[in-house]
Number of protein chains: 2
Amino acid sequence: MANTREQLVAATKELLWERGYEATSPRAILEKSGAGQGSFYHHFSSKAALAAAALQEAADDMRCNLEPILHSNAPALQRIRDYLTMPREELRGCRIGRMTHEPIIRQDETLRDPIVAYFSYAEQELATVLAEAQREGALSENINVDDLAATLLATVQGGYVLARGFQDPERMHQAIRGALTLIDSIEQKKEV
Amino acid sequence: MANTREQLVAATKELLWERGYEATSPRAILEKSGAGQGSFYHHFSSKAALAAAALQEAADDMRCNLEPILHSNAPALQRIRDYLTMPREELRGCRIGRMTHEPIIRQDETLRDPIVAYFSYAEQELATVLAEAQREGALSENINVDDLAATLLATVQGGYVLARGFQDPERMHQAIRGALTLIDSIEQKKEV
DNA sequence: GTCTATATCGAGATAGAC
DNA sequence: GTCTATCTCGATATAGAC
């Protein structure tokens, strides 16, 4: 079947999310995907190659989730709030962010590429929307939008870390609420 | 030697920081510590037990680093800034935070305990200092200090994630700068 | 393209001598 | 308390038939 390959990738996406790279064995991938031993190494040269394909897909998925939120019709600062409050699987962690501490990604460029690509995209997009907010007069021109974009991204990533650490989704919500409060505080209200 | 145990723990602390739990093998611990096979299982019943001891020490170390910064003579909000800008090994990641995505911590309470303890301590301390800032008149009473404490902690944890993802320490600094800007923006200056 | 068999290696732990 | 020998298992990959 031509889509055995797809099933391998799909299974790997799930397992990488749940367990990370180190803890995901070819055996587990075969079981989850229903594929056989031979198929694995026919379609991919190694576990790392399969993981790279899976991570690439995961990053693409995440971009697709982000895109409509940051490009809606809402005022720019509202889109930032929408980003912060979009639904997340707090306890599963970020599919991309959770990979950053795996030893492998320091050695294997192809595995780090999707991570860099996603984070670059997200930071860039957030910064763009923040710049729009400045043009709309909702945000002071003194704010460095690149820095703030990084802060927002970090808050979300750190929110996952806290939620995982405490095994409690509320911990991420708390961090997000704090960020929302800060956004509220610096918003420049229009005269009425 | 009585301190073979200590050397096992010290080596494990390093390896956990560098590679995490899954990727740290007993073999590597033995090599790094210079201890022998027998010593390992004499002093500890399992890899998990040794890791728990090592994590506990790491968490204690981190508390010791935090304590003087958050209890200095500086004004409360300055102590918050000092926390944000304290030196960090950006590319190594957080010894505690990096563990949160390891599958094992969902099952093993003894491994999650030091994580929960450290994060609880940090959030609590940050919230206390923020409340002091409110009493000093530097911070609006409208701010929920628990939420903001979580946000700051998350920013640092997320900063590590970004720095690791990009393999670039500057990414954490960027996130921190954004947070500092937000703190500046909400600070209530005293009349002169 | 997929299957089964097989190979190599290291992980994690135990046993019993010293 | 430490050593060496040993055990079992799974991770990762290869080989060659179908």
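Small disclaimer: the values here were computed from a predicted structure and weren't measured. Below, chain A is the first sequence line, B the second, and so on; all start at residue 1.
Within 6.0 Å of CD on A/Gln188 lie more than 12 heavy atoms contributed by other residues, nucleotides or ligands.
An OP1 or OP2 oxygen of D/dG1 is reached within less than 4.0 angstrom by a side-chain nitrogen or oxygen of B/His42. Residue B/Ser46 places none of its side-chain N or O atoms closer than 4.0 Å to OP1 or OP2 of C/dG12. An OP1 or OP2 oxygen of D/dT2 is reached within less than 4.0 angstrom by a side-chain nitrogen or oxygen of B/Thr4.
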Check: residues 55-62 of chain B side-chain donor-acceptor pairs under 3.5 Å, at least two apart:
residue: B/Glu57; atom: OE1; partner: B/Lys13; partner atom: NZ; Å: 3.1
residue: B/Asp60; atom: OD1; partner: B/Arg63; partner atom: NH2; Å: 2.5
residue: B/Asp61; atom: OD2; partner: B/Lys13; partner atom: NZ; Å: 2.8

Check residues 158-166 of chain A and write down every donor-acceptor pair under 3.5 Å in which the side-chain atom is one partner and the other belongs to a residue at least two apart or another chain.
residue: A/Arg164; atom: NE; partner: B/Thr100; partner atom: O; Å: 3.0
residue: A/Arg164; atom: NH1; partner: A/Leu91; partner atom: O; Å: 2.9
residue: A/Arg164; atom: NH2; partner: B/Thr100; partner atom: O; Å: 3.2

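Under the side-chain hydrogen bond (donor to acceptor under 3.5 Å, both in side chains) criterion, A/Asp108 pairs with A/Thr110, sequence neighbours left out. Not counting sequence neighbours, A/Asp113 has no partner by the salt bridge (Lys or Arg N to Asp or Glu O under 4.0 Å) test.
No cation-pi contact links B/Lys47 to B/Tyr41, judged by a cut-off of 6.0 Å to the six-membered ring centre and 45° from its axis.
Side-chain N or O atoms of A/Ser185 include one that pairs as donor or acceptor with a backbone N or O of A/Thr181 at under 3.5 Å.
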For nucleotides 15-18 of chain D, give me every protein contact, N/O to N/O, under 3.5 Å, one pair per line with atom names.
none

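Within residues 11-30 of chain A, no residue places a heavy atom under 4.0 Å from DNA chain C.
Separating the NZ atom of A/Lys47 from the P atom of C/dT8 is a distance of 21 Å, rounded to the nearest angstrom. Taking atom CG of residue A/Leu50 and atom C1' of nucleotide D/dT12, one finds them 13 Å apart after rounding to whole Å. One atom, CG of B/Leu8, and another, C1' of D/dG1, lie 12 Å apart when rounded to the nearest Å.
Defined by atom type and a distance below 3.5 Å, a donor-acceptor pair is present between the side-chain atoms of B/Glu90 and B/His173.
Of all nucleotides listed (D/dA13, C/dA13, D/dG1), C/dA13 comes nearest to the side chain of B/Tyr41. Side-chain atoms of A/His43 lie closest to C/dG1 of the nucleotides C/dA13, D/dG1, C/dG1.
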